[in-house]
Student: 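One structure coming up, written as C-alpha cells, with questions to follow.
Values in this document were obtained by computation on a predicted structure and should not be read as measured data. These values consider heavy atoms only, across backbone and side chains, with no hydrogens, waters or symmetry-generated copies.
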Amino acid sequence: MLVKTNAIVLNSLKYGESQIIVDMFTELHGRVSFMQRIPRTSRSGVKKQLFQPLTILAIEFDYRPSLKLQRIKEATVACPFVSIPFDAFKLPIAMFVAEFTGYCTRSEQANQPLYLFVENSVRWLDACVSGFANFHIIYMLHLSRFVGFYPNLDSGLGKAWFDMRSGCFTGSMPAHADVLQPEEADKIRLLMRLNYTTMRLLSLSRSERNRIVEVVLQYYRLHQPGFPEMKSLPVLMQLFS
C-alpha cells in the first residue's frame, strides 16, 4: 500500500557503508522503521541530511506490515527549521526531546492526536525566540496525556503529597518511596497547568529545573517499564543558569 504521510525523525543509525536505519513517528502509522540507502553523490536519491533528529518530513513509502524495515520512495522537508540546528540551547533540547519521544513511542500505533502534539511542539520550539528554558519539562508532562498516565489534577484539591505510582495527589503520605513531598508536588501541579506560552512566567534555577526533569523521568519509568537512561540528559542539564 502506497502511503503519503508526514513523519518526525527520532533517530538514525548507520548500517554498512551506504545505508542507515531510521526510526520515525508517522502521522498515519505511528512508529515505523526504515532502511534507507544513502547515495554517494548529492545529485540523486534521498539525502542523509534529511534524517536529523526532529526533522519533520513528508514521505512516501510502500507500507508492508509484514516487514520490520520499510523503504522510503520519496522524502522532502515538510517544515524547514529556522533556528533549532543553529541555536546552542535549542539543539540539545531537540536531541533530548527526540530521544525521549523515541522511548515513549516504541510500540505506538497510529495516534494522530499524539503525532500532532509532537509536531506542533517541535514547530513551536523552532519558531520561538525566547522563554523556552522550561520547554522540555512542559513537553514531557503534557505528552503523558497521550500515552495513558497523565497525572490526575482533580485529585489535588487540599491534598499535599503526589503519589507517583497512582498518578494522584493524596492527603497523607503513601507507604512507599515513590512520592513527592508537598513542596515538589505543588511545583508539579503548577507546571501541569502551564503551556508553552505561559511557562515563561515560572522562573526556575538550573538545579530546580534539573530536579524536575529527574522527577518526571522517574514518573515515566514507573509507568513505562524498561524506560532506559537518557544519553542526551547530561548535556541538557548544563543548559541555562
Student: To the nearest 0.5 Å, what is the distance between CG on Asp163 and SG on Cys168?
Tutor: 7.5 Å

Student: List for me each residue that meets side chain to side chain donor-acceptor pair (under 3.5 Å) alongside Glu214, sequence neighbours excluded, and say none if there are none.
Tutor: none

Student: Give a yes or no on whether the backbone of Ser232 and the side-chain of Glu99 come within a donor-acceptor separation of less than 3.5 Å.
Tutor: yes

Student: How many angstroms lie between OG in Ser12 and CG in Leu50, if you round to the nearest 0.5 Å?
Tutor: 11.0 Å

Student: Quiz question: by atom type and distance under 3.5 Å, do the side chains of Tyr139 and Thr101 form a donor-acceptor pair?
Tutor: yes

Student: Closer than 3.5 angstrom, by distance alone: can the side chain of Thr105 be matched with the main-chain N or O of Glu108 as a donor-acceptor pair?
Tutor: no

Student: Do Glu60 and Arg71 meet the salt-bridge criterion of a basic N to acidic O distance under 4.0 Å?
Tutor: no

Student: Should the heavy atoms of other residues, nucleotides or ligands under 6.0 Å from CE of Met140 be counted, would the total exceed 12?
Tutor: yes

Student: Taking all atoms of both residues into account, what is the closest heavy-atom pair of Val3 and Leu28, and its distance?
Tutor: CG1-CD1, 4.1 Å

Student: Looking at Phe169, I'd like to know if the NZ or CZ of Arg189 sits under 6.0 Å from its six-membered ring centre while staying within 45 degrees of the ring's axis.
Tutor: yes

Student: Would you tell me whether Asn195 and His142 have side-chain atoms, one donor and one acceptor, within less than 3.5 Å of each other?
Tutor: no

Student: Within the side chain of Ser121, is there an N or O that forms a donor-acceptor pair under 3.5 Å with the backbone of Phe117?
Tutor: yes

Student: Taking the six-membered ring for Trp and the full ring for Phe, Tyr or His, determine whether the centres of Phe86 and Phe81 are under 6.0 Å apart.
Tutor: no

Student: Can you tell me how far CD1 of Ile188 sits from CZ of Phe162, rounded to the nearest 0.5 angstrom?
Tutor: 7.5 Å

Student: Sorted by first residue and then second, give each ring pair (Phe, Tyr, Trp, His ring centres under 6.0 Å) pair with at least one member in residues 195-217; sequence neighbours left out.
Tutor: Trp124-Tyr196, Phe135-Tyr196

Student: About how many Å separate CD of Gln19 and NZ of Lys14, when rounded to the nearest 0.5 Å?
Tutor: 11.5 Å

Student: Looking only at non-hydrogen atoms, find the nearest pair between Val213 and Leu233 and report the distance.
Tutor: CG1-CD1, 3.7 Å

Student: Rounded to the nearest 0.5 Å, what's the gap from CZ on Arg221 to NE2 on His223? Could you check?
Tutor: 13.0 Å

Student: Could you list the residues that satisfy side chain to side chain donor-acceptor pair (under 3.5 Å) with Asp87, not counting sequence neighbours?
Tutor: none

Student: Name all residues meeting the side chain to side chain donor-acceptor pair (under 3.5 Å) criterion together with Ser83; count only those two or more places apart in sequence or in a different chain, and write none if there are none.
Tutor: Lys90, Asp126

Student: Hey, what do you get for CZ (Phe132) to CE (Met199), rounding to the nearest 0.5 Å?
Tutor: 8.5 Å

Student: Say whether Glu27 and Gln112, considering side chains only, have a donor N or O and an acceptor N or O under 3.5 Å apart.
Tutor: yes

Student: Any ion pair linking Glu119 and Arg123 (charged N to carboxylate O, less than 4.0 Å)?
Tutor: yes

Student: Do any N or O atoms from the side chain of Gln70 and from the backbone of Arg64 form a donor-acceptor pair under 3.5 angstrom?
Tutor: yes

Student: What heavy-atom pair brings Phe51 and Val9 nearest, and what distance separates the two atoms?
Tutor: O-CG1, 3.5 Å

Student: Answer yes when Glu74 and Lys4 have at least one side-chain N-carboxylate O distance shorter than 4.0 Å, and no when they do not.
Tutor: no

Student: Report the residues that fulfil side chain to side chain donor-acceptor pair (under 3.5 Å) with Asn134, sequence neighbours left out, ordered by chain and then residue number.
Tutor: Arg209

Student: Applying ring pair (Phe, Tyr, Trp, His ring centres under 6.0 Å), can you list everything that pairs with Tyr103, at least two apart in sequence or on another chain?
Tutor: Phe227

Student: Mind listing the closest non-hydrogen atom pair of Met192 and Pro151 along with its distance?
Tutor: CE-CD, 3.8 Å

Student: Counting N and O atoms only, with roles assigned by atom type, does the side chain of Asn210 sit under 3.5 Å from a partner on the main chain of Met237, one being a donor and the other an acceptor?
Tutor: yes

